[in-house]
Amino acid sequence: MPSLPDGALSTKGRRRALDALGSGELDLIVIGGGITGAGAALDAAARGLNVGLVEARDLASGTSSASSKLIHGGLRYLEMGDIGLVREALRERELLLTRLAPHLVAPVPFLWPLRRRGWERAYIGAGLVLYDTIGGARSVPRHRHLSRRGALAVAPALRHDALCGALQFHDAAEDDARMVAIVARTAAARGAYIATRTRVAGFRRTEGRVTGVNAVDEETGEELVLRARHVATAAGVWTDELRALAGGASSWRVVPSKGIHIFVAADRIPMETGVLARTEKSVLFIIPWGGGWLIGDTDTQWSSAPDEPVATRADIDYVLAKANALLAAPLSREDIHGVTVGLRPLLAGGAASDTTRISRRDVVESPAPGLTTIAGGKYTTYRVMAARLVDAAARALGASNPSVTEDVPLLGAAGLLAARRGRDAFAARAGVSAAAIDALIDRYGDRVQELVALLEARPELAEPLDGARQHLRAEVVYACTHEGALRLEDVLARRTRLALTAPDRGLAAADQTAALMAETLGWSAARTQAEVETWGAMIAAQRAGEAEPDDAAALAAFGATLADRRQAEGGLASAEKRGTRLS
Ligand code: FAD
């Protein structure tokens with residue numbers, strides 16, 4: 001299978017992927033381009049299988065862009081008695097931090113404030129001793145006990161009366177959406193075919209076995225027949241829907257649990273550490289992330305369709321109230337930049353359960369001959385989940401090659417140290433500051449060389465993006481030529497994280513980003529304008545939802561705000577399709 005050494009996810013690469021998926025020569029089709037599906041495509045390609053991945057929307061457009069962005073063992077799962085899960089997650093954390101993704105995953109200090117004297121310190125301290133012993137202290141410092149004064153020295157933003165002491169420990173964080181794109185690129189570099197905006201609409205069977213899928217190319221509206229010797233789903237909260245489409249059966253069902261985060265500027269919370277605090281039902285995280293603070297989350301059952309979960313006023317008020325119980329200078333709604341909303345793909349066996357108590361374990365099944373599914377799990381353990389899914393698919397295919405991803409660094413990792421050493425030379429070649437190169441290395445690892453080559457060829461792209469000075473214009477072009485971005489939303493929400501981190505959620509950057517994408521992807525003027533208008537409508541719809549008290553009202557407000565836009569878009573898409581057919 002020919003591979004792309006740089007794993008570039010371009011429109012040409014997508015066309016090639018669709019041709020390969022239609023050829024009937026693949027061993028495996030993976031459905032779902034979240035972290036689990038991207039991980040499965042990498043696992044399969046690395047062990048020598050011919051694999052293609054289809055994603056209905058964009059890479060990481062589901063849950064995998066809305067997590068707490070922690071690569072962690074999960075202290076609270078220890079409390080639930082899930083030591084095996086925590087141990088496995090800590091092993092993965094270690095691998096990612098040290099070998100597989102040191103350019104994407106970084107250690108983060110956390111403070112656990114203690115509210116009561118006596119038993120609480122002993123209880124949490126014992127939990128952290130266990131955490132450190134089963135892997136929590138590998139590659140990061142061991143936990144330590146702090147007095148109130150010691151805690152307030154590292155976290156002066158906390159209220160004096162919010163704690164009587166604290167424990168400090170370390171976990172790790174990453175950019176969840178960017179990491180999915182890098183895993184998918186690493187898969188492509190190993191020969192996997194990646195096709196985004198390709199929605200599976202049905203399954204094909206030959207003599208009772210699943211042998212492919214019917215899909216829709218969401219870029220052209222074309223109906224596609226994609227074939228392979230085996231099909232696997234890694235569809236998160238869409239798992240039940242796909243299983244039903246395939247006519248398969250299972251004793252498990254997905255119970256989606258909604259979680260939201262808010263983002264506030266760095267200077268609103270002056271401290272040098274993250275915070276993890278217990279709430280009545282779950283925990284609150286205040287995480288130093290993306291140049292500011294990511295604060296969450298919530299855990300409530302979601303009973304509507306999984307495509308567009310929305311945050312409500314109640315969700316945001318809850319997070320603000322929990323944070324303000326700890327912070328000396330309270331946050332208000334005006335401090336909030338962006339909000340993320342995600343659905344945890346939790347699995348339940350019997351009747352409805354309390355989502356805060358459901359285990360984060362994953363389940364691999366074969367609900368129909370020729371079809372393997374995976375559901376549940378956590379972002380942190382994506383690599384071992386992917387290996388379990390591909391093990392089952394490989395068994396069904398009669399292949400015995402084992403998973404090798406433990407020894408496959410993600411793209412950008414291999415030459416990280418050399419890239420850091422070469423920063424001054426890169427800066428000179430690219431005509432930007434050494435600090436700008438550092439920022440690029442933090443986002444792209446050794447792939448910084450591809451951006452430097454682009455900047456040498458097109459020096460005008462070294463300017464910062466309007467309304468988002470932390471990003472160079474070159475990054476928008478690169479997102480289209482190497483990271484699979486096809487829509488304005490893909491760049492504003494997931495390749496950059498402006499939808500979350502910019503105070504205006506990327507509105508000021510939208511025009512220029514769309515113009516750069518238009519010249520790279522060949523958009524018409526009408527398409528470019530439509531992309532900008534859709535982004536504006538999307539942000540307005542999110543804000544409309546966030547003003548409503550509950551899920552039903554927020555969904556109604558969200559949908560109503562987007563309705564006109566969607567109608568206009570439908571008209572434009574069919575006009576462009578007619579144009580394509582005529583030309
Ligand atoms: P998804 O990312 O949802 O991917 C499924 C994909 O399938 C989607 O992109 C979807 O578009 C695609 N798809 C669906 N139907 C079709 C179709 N018909 N055709 C083609 N494609 C289709 N885990 C951690 O380890 N650390 C954390 O800090 C953490 N925090 C979390 C916080 C919150 C609020 C939430 C909600 C989850 C958190 N998790 C965390 C869990 C973690 O985010 C998820 O387990 C993980 O992202 C799920 O990834 P996935 O690939 O299985 O699903």
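Indexing begins at 1, ligand by ligand and atom by atom, following the structure's order. What's counted below: heavy atoms across the whole structure, side chains too, no hydrogens, waters or symmetry copies.
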Original post:
Which of these, Arg178, Arg57, Arg197, sits in a salt bridge (Lys or Arg N to Asp or Glu O under 4.0 Å) with Asp490?
Top reply: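 Passing option: Arg197.
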
Minimal non-hydrogen separation, [X] against [Y], with atom names:
X: Ala413; Y: Leu100; answer: CB-O, 3.7 Å
X: Val213; Y: Val231; answer: CG1-CG1, 4.3 Å
X: Leu562; Y: Ala541; answer: CG-CB, 3.6 Å
X: Phe203; Y: Leu371; answer: CE2-CD1, 3.8 Å
X: Phe263; Y: Leu500; answer: CB-O, 3.4 Å

Atom indices of ligand 1 within 4.0 angstrom of [X] heavy atoms, with elements:
X: Lys69; answer: 28 (O)
X: Ala235; answer: 5 (C), 7 (O)
X: His72; answer: 26 (N), 27 (C), 28 (O)
X: Gly259; answer: 34 (C)
X: Val200; answer: 17 (C), 18 (N), 19 (N), 20 (C)
X: Ala234; answer: 5 (C)
X: Thr380; answer: 24 (C), 25 (O), 26 (N)
X: Ala66; answer: 33 (C), 34 (C)

**OP:** With side-chain hydrogen bond (donor to acceptor under 3.5 Å, both in side chains) as the test, would you mind laying out the steps for Asp175 and Trp289 before giving the verdict?
**Re:** CA-CA 8 Å; Asp175 182 328; Trp289 185 88; 5.6 Å; no

When you measure from [atom] to every protein heavy atom, which one gives the shortest distance, and what is it?
atom: atom 4 (O) of ligand 1; answer: Gly34 CA, 3.4 Å
atom: atom 45 (O) of ligand 1; answer: Gly377 O, 3.3 Å
atom: atom 52 (O) of ligand 1; answer: Thr36 OG1, 2.8 Å
atom: atom 20 (C) of ligand 1; answer: Ala56 N, 3.2 Å
atom: atom 37 (C) of ligand 1; answer: Arg344 CG, 3.6 Å
atom: atom 23 (N) of ligand 1; answer: Tyr379 N, 3.2 Å
atom: atom 9 (O) of ligand 1; answer: Glu55 OE1, 2.7 Å
atom: atom 39 (N) of ligand 1; answer: Ser67 CB, 3.9 Å

Answer yes or no: is there a side-chain heavy-atom contact under 4.5 Å between [X] and [Y]?
X: Leu294; Y: Val264; answer: no
X: Arg76; Y: Val283; answer: yes
X: Val319; Y: Asp315; answer: no

Original post:
Which is it for Glu406 and Arg91 under the salt bridge (charged side-chain N to carboxylate O under 4.0 Å, His left out) test, yes or no, and what are the steps along the way?
Top reply: CA-CA 11 Å; Glu406 193 172 327; Arg91 183 166 182 277; 2.8 Å; yes

Original post:
Can an N or O of Thr63 be found at a distance shorter than 3.5 Å from an N or O of ligand 1?
Top reply: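 Min N/O separation from ligand 1 is below 3.5 Å for Thr63.
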
**OP:** For ligand 1, find out whether one of its N or O atoms is nearer than 3.5 Å to an N or O atom of Ile35.
**Re:**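 It does: an N or O of Ile35 is found under 3.5 Å from an N or O of ligand 1.
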
**OP:** Decide yes or no on side-chain hydrogen bond (donor to acceptor under 3.5 Å, both in side chains) for Thr198 and Glu55, but give the supporting numbers first.
**Re:** CA-CA 5 Å; Thr198 305; Glu55 160 55 47; over 6 Å; no

Measure the distances from the heavy atoms of [X] to every atom of ligand 1 and state whether one is below 4.0 angstrom.
X: His261; value: yes
X: Thr198; value: yes
X: Val237; value: no

**OP:** Can you figure out which of Leu343, Leu70, Val216 has its heavy atom closest to atom 27 (C) of ligand 1?
**Re:**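 Shortest heavy-atom distance from atom 27 (C) of ligand 1: Leu70.
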
Original post:
With respect to atom 30 (N) of ligand 1, which of Ala375, Ala60, Ser64, Ser68 exhibits the smallest heavy-atom separation?
Top reply: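 The option holding the nearest heavy atom is Ser68.
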
Original post:
Between Phe169 and Tyr131, what is the ring plane arrangement, given parallel below 30°, perpendicular above 60°, and tilted in between?
Top reply: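 Geometry flag for Tyr131 against Phe169: perpendicular rings.
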
Subject >> Passing candidate, side-chain hydrogen bond (donor to acceptor under 3.5 Å, both in side chains) with Arg93, options Asp171, Thr380, Thr98 >> reply: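 Testing Arg93 for a side-chain hydrogen bond (donor to acceptor under 3.5 Å, both in side chains) against Asp171, Thr380, Thr98 leaves exactly one candidate, Asp171.
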
